[in-house]
Amino acid sequence: MRRPYFRFVAIAPLILTSVAAVYAQQPDEVRGMAATCTNCHGAESGKPGGMPVIAGKPRRELSQQLKEFRSGARPATLMHQLARGFTDEQLEQLAAYFSELRK
């Protein structure tokens, strides 16, 4: 007689492999999304011309600002249009990514 946990033990390696594959791809996806931001803000420091430095800013601050741009609560010339192209999860990923970069 098989025990109920036998099935789980049998498929656990498949589940773990699938989850690991998803997380392994995520950094590349986030870097790809971040390329949109670095066009204006630079990768590690702001570009000349008044673009604010976003590298190294607190994650919560960046996340809140991005969501405010998307909702229209924060005035912008271009950011509100760009932010609308991302989900909440993607905005959180971008905020986390840029908060980890050095100024």
Side-chain angles (χ1 to χ4, degrees):
M1 183 167 133
R2 290 187 179 174
R3 309 239 165 149
Y5 65 85
F6 178 77
R7 286 189 210 167
F8 176 76
V9 172
I11 64 169
L14 296 173
I15 293 171
L16 293 174
T17 303
S18 299
V19 170
V22 168
Y23 282 108
Q25 293 172 3
Q26 197 169 28
D28 287 337
E29 291 175 18
V30 174
R31 279 193 294 272
M33 290 187 300
T36 303
C37 309
T38 57
N39 284 333
C40 297
H41 294 280
E44 295 182 11
S45 62
K47 284 191 171 181
M51 291 298 161
V53 175
I54 58 175
K57 294 277 187 191
R59 182 194 57 78
R60 285 184 144 185
E61 180 182 328
L62 289 171
S63 175
Q64 182 66 34
Q65 289 176 358
L66 287 168
K67 290 175 183 176
E68 288 173 359
F69 282 129
R70 188 177 63 193
S71 72
R74 187 177 178 106
T77 56
L78 182 62
M79 281 300 302
H80 64 288
Q81 295 173 22
L82 293 172
R84 285 185 191 135
F86 296 104
T87 65
D88 279 344
E89 182 182 354
Q90 290 170 325
L91 292 178
E92 291 292 336
Q93 290 172 330
L94 286 168
Y97 175 82
F98 281 103
S99 71
E100 295 294 321
L101 290 179
R102 295 184 183 183
K103 291 183 182 181

Residues passing the side-chain hydrogen bond (donor to acceptor under 3.5 Å, both in side chains) test with Ser63, sequence neighbours excluded, are Glu92
Any idea which heavy atoms bring Pro75 and Phe69 closest together, and the distance?
O-CE2, 3.7 Å
Nearest 0.5 Å please: distance from the CD atom of Gln93 over to the CD atom of Glu29.
7.5 Å
Listed by chain and number, what are the side chain to side chain contact (heavy atoms under 4.5 Å, CB included) partners of Thr87, not counting sequence neighbours?
Glu89, Gln90
Pairs where residues 73-83 contributes a residue and the test salt bridge (Lys or Arg N to Asp or Glu O under 4.0 Å) is met, not counting sequence neighbours:
Glu68-Arg74
So how far is it from Leu62 CG to Cys37 SG, rounded to the nearest 0.5 Å?
9.5 Å
Looking only at heavy atoms, what is the nearest atom pair of Arg59 and Ala95, with distance?
O-CB, 3.5 Å
Contacts of Arg84 meeting salt bridge (charged side-chain N to carboxylate O under 4.0 Å, His left out) (sequence neighbours excluded), chain-then-number -> none
Between Phe86 and Leu94, does the side-chain contact (heavy atoms from CB on, under 4.5 Å) criterion hold? Intermediate values first, please.
CA-CA 10 Å; Phe86 296 104; Leu94 286 168; 4.1 Å; yes
Checking Lys57 against Phe98 for the side-chain contact (heavy atoms from CB on, under 4.5 Å) test, could you report, in this order, the C-alpha distance in whole Å, the side-chain angles of both residues, the deciding distance, and whether it holds?
CA-CA 7 Å; Lys57 294 277 187 191; Phe98 281 103; over 6 Å; no
Rounded to the nearest 0.5 Å, what's the gap from CG on Leu66 to CD1 on Ile54? Could you check?
7.5 Å
dist Glu61:CD -> Ser99:OG (nearest 0.5 Å) comes out at 10.5 Å
